[in-house]
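The block underneath contains the structure these notes are about, expressed in structure tokens.
We count residues from 1, following the sequence as given.
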Amino acid sequence: MLPRSVELPIDAAAAMRQIIGIMSDNGWAGVGYDEAVRGELLDARLLQAWTTDEWATLRGEERSIELELEDAAMLLGGLSFTEMMSIDFPWIDLVRWSVDFITAELRPLWTDDEWALVG
């Protein structure tokens with residue numbers, strides 16, 4: 001629902017895949033089946049956007065990736081989960097900075113009224 005085309009550098013896509021991986025590694029704790037499937041499908045779309053060599057070196061041109069509002073909500077939920085699980089680690093400030101940065105990049109792609117649809 002409400003797709004947006006987003007130009008992503010490969011390192012941003014890698015960060016998204018990392019979030020999805022953390023959620024998957026934790027058995028998709030706290031999310032429903034639909035969100036888990038959405039995460040796996042987004043991971044596959046991201047993986048297919050660059051070649052194996054580009055993933056190995058994390059070097060490649062920006063690619064246009066279609067994100068739906070629910071994809072972004074799932075990623076933000078994964079960030080929240082990661083932040084919560086990292087609270088006692090010495091790198092929590094970096095996690096918080098990452099959460100704030102990614103939220104600032106994703107959230108403005110949709111209006112507050114659109115975000116209310118997934119709330």
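Between the CE atom in Met16 and the CD1 atom in Ile65 there is a gap of 8.5 Å [rounded to 0.5 Å]. We find the CD-CG distance between Glu105 and Leu75 to be 13.0 Å, quoted to the nearest 0.5 Å. The distance from the CZ atom of Arg17 to the OG atom of Ser24 is 11.0 Å, given to the nearest 0.5 Å. Atom CG of Leu58 and atom CD1 of Ile10 lie 5.5 Å apart (nearest 0.5 Å). Taking CE of Met74 as the start and CG of Leu41 as the end, the distance is 9.0 Å to the nearest 0.5 Å.
One finds no salt bridge joining Arg107 and Glu114 here, because no Lys/Arg side-chain nitrogen approaches an Asp/Glu carboxylate oxygen to under 4.0 Å. We find that Glu40 and Arg45 are not joined by a salt bridge, their nearest charged nitrogen and carboxylate oxygen being 4.0 Å or further apart.
Side-chain contact check for Arg38 versus Asp71: some heavy-atom pair is nearer than 4.5 Å.
Nearest heavy atoms, Glu83 versus Val95: CA-CG1, 3.7 Å.
The 12-atom threshold is exceeded at CD of Glu62, counting heavy atoms of other residues, nucleotides or ligands nearer than 6.0 Å. The neighbour count for Glu61 CD, taken as heavy atoms of other residues, nucleotides or ligands under 6.0 Å away, does not exceed 12.
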Would Glu35 and Trp28 satisfy side-chain contact (heavy atoms from CB on, under 4.5 Å), going step by step from the backbone distance to the final call? CA-CA 8 Å; Glu35 270 189 306; Trp28 295 96; 5.6 Å; no
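Hydrophobic clustering of Ile, Leu, Val, Met, Phe, Trp and Tyr side chains at less than 4.5 Å, counting indirect connections, keeps Leu94 apart from Phe81. Hydrophobic clustering, with ILVMFWY side chains joined whenever heavy atoms are under 4.5 angstrom apart, keeps Met84 apart from Ile87.
The side-chain contact (heavy atoms from CB on, under 4.5 Å) test with Leu76 singles out one residue from Val99, Leu106, Val118, and that residue is Leu106.
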